[in-house]
There are 2 protein chains.
Amino acid sequence: MRPTVHDIAERAGVSLATVDRVLNDRPGVRGVTRAKVEAAIVDLGYVRDVAAANLAKSRVYPLVFILPEGDNPFMRGLEDEVRRAGAHSLVERTQLSVVTVPAFDGSALAREIDSAIERAVAGIAAVAVDAPEVLAAIGRAREAGIPFVTLVSDLANSGRDHFIGVDNIAAGRTAGSLMGRFLGQRPGPVAVLAGSMRVRDHGERLEGFLAAMSAMPVSRAILPVLEGQDDPELSFRLIAECLAEVRDLAGIYSLGAGNRGLVRALAAGTGRNLCVIAHEVTDETRAALEGGLVDAVLNQDAGHEVRSAIRVLRAKADGLPVIAAQERIRLEIFIKDNLPSEPGMDDTPGSAGN
Amino acid sequence: MRPTVHDIAERAGVSLATVDRVLNDRPGVRGVTRAKVEAAIVDLGYVRDVAAANLAKSRVYPLVFILPEGDNPFMRGLEDEVRRAGAHSLVERTQLSVVTVPAFDGSALAREIDSAIERAVAGIAAVAVDAPEVLAAIGRAREAGIPFVTLVSDLANSGRDHFIGVDNIAAGRTAGSLMGRFLGQRPGPVAVLAGSMRVRDHGERLEGFLAAMSAMPVSRAILPVLEGQDDPELSFRLIAECLAEVRDLAGIYSLGAGNRGLVRALAAGTGRNLCVIAHEVTDETRAALEGGLVDAVLNQDAGHEVRSAIRVLRAKADGLPVIAAQERIRLEIFIKDNLPSEPGMDDTPGSAGN
DNA sequence: CATTTTTTGATTTACGTACATCAAAAACTC
DNA sequence: GAGTTTTTGATGTACGTAAATCAAAAAATG
């Protein structure tokens, strides 16, 4: 059975009050007494019952998610997942709130981080922006003892507790390998649709893609990057023009969030049998995958990321260990055949029970 | 703030003791009083604080995992995951135990299920076997109010609470689609290595595979199934013979657990540039994927499955809802480029923090 | 209406921990 | 050794729920 504070008191030959003072770093304990108590804690392998402590303290963990604004379907999906998780989070003593900031706006993000620090939240999860003011704000959060998790987009040397997202270089490389394998001996160049090359994630995906394509047996031209700013209209136009101008185009890699425009252009470009690889399962890419317009979608699971962020922030707030294997976000490859059924359909494969 | 039993008592105009009787279905409450209390519960949106209740009851959830014996690497990995989860499960008031039975032995499995029922465990997770005595044992568990989860291999019409695993027909279809795409125009037949066609899962994977291959533009012969009984030596022999006899072999689909023998035969068959698709990431398939002997591995995450089983059984025991999206096990496609790093290496991609 | 039975309420104890209070004991200082 | 300060212990209350006990109240019965 699990040791309790009573066992520590007995083992160390002190009172409950002294045990409490040691466990909770309260003043008024001599060093020699403290040592006795700490030895007893180790001997007994005592682990605090966090649920009991939370009950005693009526504790609630306010967590804030800071996400970019805009109509990026992946980010909107991420927001939906946070809101969905927040709907019944009080049962788990967690209070989720979502704050949005203009996409790529480092100073707005830094301001929201400071605002969250001011409110003394239990943890912060944010989609990072590569800016010095964000770096400094993360530092301040950590100094205030607030756990910080970067989500989807990391920030190196920021002191954040954990990054929850995929390795973008590996993502690009995976796209390149698949593209090469799917195209096989078929000749023709490949186009790349990005949001903006100023975004580090997009740069990394391109880097990985180029590396993998260049390792393929068949040498193949990669056209200059089309920067669609993740805007559906602009992306549509760029791809439509590319389809019109490049008669022997073999494939398209969409590494950003301009997929709505891409899918529209593909649907309009009748009879072009291209190999298309995109990122993130959204309504558009799901339909395109099922309809055969897109060959593979590389995905990171927004639901898993949100749950992971909550778990990590909770664990850090409680001073508990994080299960690394559970919190590692995998880069998923979906083709038509292994695409999970639509969210909202609750049937388990082979479902025959309650 | 969350309503408590005190709020219910006040709202219904009764005492705490009466609220307790209604909440816990204890005798001694008139129908009219019960209705008042139940109305108050609904009005207030009261949800039991399970952590507080567990503390009051000193509750521990004993859960049992019944797994097949043998040197099937996936099943041994599954067992490792259960044992790893069990190492610190008492903190979460869960007590995991593992019981192994001879593989495919329905009566041994039924006996262990009944033994677990006898011990009044809080939940049972088992790799199912298609046998009437197993079906009956699951029924008995459910009648005893013990939640039951089938793991990896389902059993239709068994009344189990949940299946945790992948859709094997979709798995086979995925393998077929990938094989077809990777082979492209390249001519030559494809071999299939199975454990035993008596196993329903293996039959389903083959079914899916054949369906996908027949939908490919290039018509291709599928050789008669090689049944290696998931035995490394037999599998090695069958594949080695196949390599020797079929000079124009284009690909191999390994749908069972004979991958150790397969990889050995591939490594010995120098210069054969085959497209190979296997199931489950194990030490052998990981090395083969990284070394280029295998082109893709279709995987189900054992760690996720174990955590999911625990969560589902806990939720069922508490009468709480299961988050369908979290508990859906995805069929993962791994190529060399998106293979997660080795377990035991705890680094997060882009890791720059604590 | 009297008697019996059932229901209800008040209360206590328990779980493990947090936190506060104050008197008594121990340690420290001169 | 006396006076002061610090440490320690005993105790109580709190969190939300479970569960038991028994007297009082309400309901049912004849």
Side-chain angles (χ1 to χ4, degrees), chain A residues 1-41 44-61 90-95 122 317-320, chain B residues 1-41 44-61 90-95 122 317-320:
Chain A
M1 201 51 232
R2 294 177 64 186
T4 69
V5 285
H6 295 274
D7 302 312
I8 299 174
E10 188 176 334
R11 182 77 166 231
V14 301
S15 70
L16 263 187
T18 301
V19 171
D20 172 77
R21 289 184 185 112
V22 172
L23 278 177
N24 295 293
D25 260 318
R26 281 188 249 276
V29 187
R30 285 181 311 157
V32 59
T33 311
R34 174 177 302 271
K36 278 199 300 185
V37 173
E38 284 173 343
I41 290 166
L44 288 165
Y46 170 82
V47 177
R48 193 189 304 257
D49 186 335
V50 173
N54 287 342
L55 177 62
K57 295 194 286 190
S58 302
R59 187 174 186 184
V60 172
Y61 300 76
L90 259 187
V91 172
E92 286 125 28
R93 294 187 177 274
T94 305
Q95 196 168 56
D318 290 332
L320 295 178
Chain B
M1 200 49 231
R2 292 178 65 188
T4 71
V5 284
H6 294 274
D7 302 313
I8 298 174
E10 188 176 334
R11 183 78 167 226
V14 302
S15 71
L16 265 186
T18 302
V19 171
D20 171 76
R21 289 181 185 114
V22 173
L23 278 178
N24 296 292
D25 259 316
R26 281 190 251 275
V29 188
R30 282 182 313 159
V32 59
T33 311
R34 174 178 300 275
K36 278 199 299 183
V37 173
E38 285 172 343
I41 290 167
L44 289 165
Y46 169 82
V47 177
R48 192 188 304 255
D49 185 335
V50 174
N54 286 343
L55 176 63
K57 297 194 285 190
S58 300
R59 186 171 186 187
V60 172
Y61 301 75
L90 260 188
V91 172
E92 287 126 25
R93 293 186 177 277
T94 307
Q95 194 166 56
D318 290 331
L320 295 178

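Just so it is clear: chains get the letters A, B, ... in the order the sequence lines come, proteins before strands, and each one is counted from 1. Hydrogens, waters and symmetry mates play no part in the numbers below; they use all other heavy atoms, side chains included.
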What does [X] touch in the nucleic acid at a heavy-atom separation under 4.0 angstrom: a base, only the sugar-phosphate, or nothing?
X       : value
B/Val14 : sugar-phosphate
B/Val29 : sugar-phosphate
A/Gly13 : sugar-phosphate
B/Ala17 : base

For the pair made of [atom1] in [X] and [atom2] in [N], what is the distance, rounded to whole Å?
X       : N      : atom1 : atom2 : result
B/Arg59 : D/dT17 : CZ    : C1'   : 13 Å
A/Asn24 : C/dC19 : CG    : P     : 6 Å
A/Lys36 : C/dA26 : NZ    : P     : 12 Å
A/Arg26 : D/dT6  : CZ    : C1'   : 18 Å
B/Arg21 : C/dT6  : CZ    : P     : 14 Å
B/Asp20 : D/dG16 : CG    : P     : 16 Å
B/Arg2  : D/dG16 : CZ    : C1'   : 9 Å
B/Arg34 : C/dT6  : CZ    : C1'   : 14 Å

Shortest side-chain distance from [X], nucleotide among [options]:
X       : options                : value
A/Ala52 : D/dG16, D/dT7, C/dG16  : C/dG16
A/Leu55 : C/dG16, C/dA10, C/dA18 : C/dG16
A/Val5  : D/dT8, C/dT17, C/dT8   : C/dT17
B/Arg48 : C/dT17, D/dA18, C/dT8  : D/dA18
A/Tyr46 : C/dT17, D/dA27, D/dA10 : C/dT17
A/Ser15 : D/dG9, D/dA18, D/dT8   : D/dG9
A/Lys57 : D/dG16, C/dT7, C/dC19  : C/dC19

N/O donor-acceptor pair under 3.5 Å between B/Arg2 side chain and B/Val47 backbone
yes
Out of the candidates B/Val22, B/Val19, B/Asp20, only one should pair with B/Val29 under the side-chain contact (heavy atoms from CB on, under 4.5 Å) rule; please name it.
B/Val22
Heavy-atom side-chain proximity of [X] to [Y] below 4.5 angstrom:
X       : Y       : answer
B/Arg93 : A/Asp49 : yes
B/Arg34 : B/Asp25 : yes
A/Arg21 : A/Val14 : no

Looking at A/Glu10, I'd like to know if its CD atom is crowded, meaning that more than 12 non-hydrogen atoms belonging to other residues, nucleotides or ligands lie closer than 6.0 Å.
no
Check the phosphate of D/dT8 against A/Arg30, side-chain N and O only, distance under 4.0 Å to OP1 or OP2. Yes or no?
yes
Does B/Thr18 put a side-chain nitrogen or oxygen below 4.0 Å from OP1 or OP2 of C/dG9?
yes
